[in-house]
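In what follows, every chain begins at residue 1, and chains take the letters A, B, ... in the order their sequences are listed. Just so it is clear, the structure is predicted and the values come from calculations on it, not from any experiment.
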There are 2 protein chains.
Amino acid sequence: MSTDAKLRPDPAAAEHDEPDVERRIYRTIFDSVMNQRLTPGARLPETQLCELFGVSRAVVRRVLQRLAHDHIVELRPNRGAIVAIPTPEETRQIFEARQGLEAALVRLATRNGTPEDFADMRRHLREEHEAMHRFDQPSWARLASAFHLRLAAVARNPILEAFLNEIVTRCSLIVALYQPWGNASCEHDEHARIVERMEAGDAEGAIRLMHEHLVVLERNVCLKRADAEPSLKQRLGLA
Amino acid sequence: MSTDAKLRPDPAAAEHDEPDVERRIYRTIFDSVMNQRLTPGARLPETQLCELFGVSRAVVRRVLQRLAHDHIVELRPNRGAIVAIPTPEETRQIFEARQGLEAALVRLATRNGTPEDFADMRRHLREEHEAMHRFDQPSWARLASAFHLRLAAVARNPILEAFLNEIVTRCSLIVALYQPWGNASCEHDEHARIVERMEAGDAEGAIRLMHEHLVVLERNVCLKRADAEPSLKQRLGLA
DNA sequence: GGAGGGCGGATTGTGCACAATATGGCACAT
DNA sequence: ATGTGCCATATTGTGCACAATCCGCCCTCC
């Protein structure tokens, strides 16, 4: 009796988790990239992924293709997949795009956010604040990104939300490349002030704060960009 | 020896255009959707596509998956692919997202556009104008969309450009669904005025004009949305 | 006559085997 | 000793065959 999902003679515990396993693999790789266990340039051989997740190559290929479309991995023909390596030029474009997207999202979130939404965001800010004071860098980095995603959710537009999700993901890649130690710029206050302006209905003020916040973010990356040593060695962290 | 460019009976002219043929199939389906030769709900059986393009199912599947990621087709498990059918709610979201995106793009295009860019756009506007006066509805629809894509290109941000490309594509799907006859709202002047404001360096003015232009566009669709029932019948008939 | 169940055709999902291609090491010539 | 070309190996790309699933149809039963 194998626990392998493919070999299940039992029709009661039906197998409709086939799309689920695909999502699981995607999330695993995605989270590994976010947590910097998989750094830009890391190779992702199909065969290894197959035996690691116990699926066939067709499944792995679909997942890799989705990741490639989301610009998380790069598919090099006949040479395999690697975790994407954003170039400096792409970095500039990503931050520029993010400025435009976040402005639109702040405007919508100010219009559509309910008091519960803002209360939720404040609760989120407290977590973020605590993580920062605990010097819990991984949690803090995740929460700091989550703030922007939460804001996008409050805007009530799944399309723009998906766009920002992709952009934030790529920003995390950039941080992994150009800022591997992750110095915690104390952006908590900036987040808090943005929420405050939004709750007051001052969309333009919130947009201005967000703009400045993102400028600071980009500058932090740019400063480190000079000493970007491609650490293309010692990867393969998933076991 | 077929005159059909898609069939490649000649083995001598070796096949190293494998990434190219994939892009060609994508573009063919994409353009067909844009030209409304493929209307929402149309089925896309893998086998037929295989023999039409003379490729194997693996290739067709990759193309269909890319189209699905771009929200041009919908992949229903075990039931095949169909051209995507935007819902009214999605329509609202798409136009809302488009407002935000185009505002950002107009701002960037105003900043980054060269005199040559604007001259090019004016040339484009003349074509558009002529097509409209020729009552050449297919050309006009294509050119009207192309104006917005051209503007996105002038903004010099490939990421936002790609986002707008996806949005405009989905808008074309919506027009195909809710506005099948395609009444030519004479938006030429609106386009022209936007270019004029951008060339004058007045980003905010151009953004306001673009906003109003898009409002008109959406209202044209909304007005027709009430009597969209015949399309629903078609949807059921094809599905 | 209507409803439910079973059946056949068609289409997609998956695994496997083989071909094509790139990479790295090795031998050889200079 | 160094540069060059070739070959072995690993990895990806592709086609094929079979299994699973779904839809529409028809037959049977109530």
Side-chain angles (χ1 to χ4, degrees), chain A residues 2 4-26 29 38 41-69 73-84 230 232-233 235-236 238, chain B residues 6-9 11-26 29 41-69 73-84 235-239:
Chain A
S2 167
D4 193 331
K6 290 186 294 303
L7 308 172
R8 294 295 291 269
D10 181 12
E15 316 308 341
H16 35 62
D17 52 6
E18 289 150 10
D20 183 49
V21 70
E22 206 161 309
R23 180 181 300 270
R24 206 186 85 242
I25 300 175
Y26 182 97
I29 299 177
L38 279 175
R43 297 188 58 199
L44 300 169
E46 295 180 2
T47 313
Q48 290 189 36
L49 295 175
C50 286
E51 50 195 33
L52 277 173
F53 291 101
V55 297
S56 88
R57 280 179 56 201
V59 178
V60 168
R61 297 194 107 198
R62 264 199 304 279
V63 172
L64 287 178
Q65 221 166 45
R66 282 182 49 197
L67 288 163
H69 195 147
V73 309
E74 185 185 346
L75 253 47
R76 304 167 303 175
N78 284 312
R79 296 188 52 200
I82 60 172
V83 177
L232 291 183
K233 309 238 189 294
R235 300 32 168 258
L236 214 62
L238 60 111
Chain B
K6 292 182 290 300
L7 297 177
R8 301 291 295 271
E15 321 303 348
H16 36 63
D17 49 9
E18 289 149 11
D20 182 51
V21 70
E22 208 161 307
R23 179 179 300 270
R24 197 170 52 78
I25 299 175
Y26 182 97
I29 298 178
R43 298 188 58 199
L44 300 169
E46 295 181 2
T47 312
Q48 289 189 39
L49 295 174
C50 286
E51 49 195 32
L52 276 174
F53 293 101
V55 297
S56 89
R57 279 180 55 201
V59 179
V60 168
R61 297 193 84 159
R62 264 199 303 282
V63 172
L64 287 177
Q65 223 167 41
R66 282 181 50 197
L67 288 164
H69 197 141
V73 309
E74 185 184 347
L75 252 48
R76 304 167 303 175
N78 285 311
R79 295 188 53 202
I82 60 172
V83 177
R235 179 188 326 179
L236 293 176
L238 287 176

Colleague: In this structure, how many angstroms lie between the C1' atom of dG15(C) and the CZ atom of Arg61(B), rounded?
Modeller: 12 Å
Colleague: How close do Val73(B) and Leu64(B) get, heavy atom to heavy atom, and via which atoms?
Modeller: CG2-O, 3.6 Å
Colleague: What pairs with Arg66(B) under salt bridge (charged side-chain N to carboxylate O under 4.0 Å, His left out), at least two apart in sequence or on another chain?
Modeller: none
Colleague: Can you give me the N/O atom pairs linking the protein to nucleotides 22-24 of chain C at distances under 3.5 Å, or say none if there are none?
Modeller:
unit_1  : atom_1 : unit_2   : atom_2 : d
dT23(C) : OP1    : Arg79(A) : NE     : 2.6
dT23(C) : OP1    : Arg79(A) : NH1    : 3.4
dT23(C) : OP1    : Arg79(A) : NH2    : 3.0

Colleague: Using whole Å, report how far CZ of Arg57(A) lies from P of dT11(D).
Modeller: 11 Å
Colleague: Could you give the CD-to-P distance, from Glu51(B) to dA10(C), as a whole number of Å?
Modeller: 13 Å
Colleague: Starting from P on dT12(D), measure out to CZ on Arg43(A) and report it in whole angstrom.
Modeller: 7 Å
Colleague: Name all residues meeting the side chain to side chain contact (heavy atoms under 4.5 Å, CB included) criterion together with Thr47(B); count only those two or more places apart in sequence or in a different chain, and write none if there are none.
Modeller: none
Colleague: Whole-Å distance between dT14(C) P and Glu46(B) CD?
Modeller: 11 Å
Colleague: Report the distance from atom CD1 of Ile25(B) to atom C1' of dT14(D), rounded to the nearest whole Å.
Modeller: 14 Å
Colleague: Calculate, to the nearest 0.5 Å, the distance between atoms CG and CD1 belonging to Leu52(A) and Ile25(A) respectively.
Modeller: 9.5 Å
Colleague: Under the rule for salt bridge (charged side-chain N to carboxylate O under 4.0 Å, His left out), what residues qualify as partners of Glu46(A), not counting sequence neighbours?
Modeller: Arg57(A), Arg61(A)
Colleague: Test of understanding: with side chain to side chain contact (heavy atoms under 4.5 Å, CB included), list the residues that count as partners of Ala84(B), not counting sequence neighbours.
Modeller: Leu173(B)
Colleague: Would you say a side-chain N or O of Arg76(B) is under 4.0 Å from OP1 or OP2 of dT11(C)?
Modeller: no
Colleague: Take atom CD of Gln65(B) and atom P of dT14(C), then tell me their distance rounded to the nearest Å.
Modeller: 11 Å
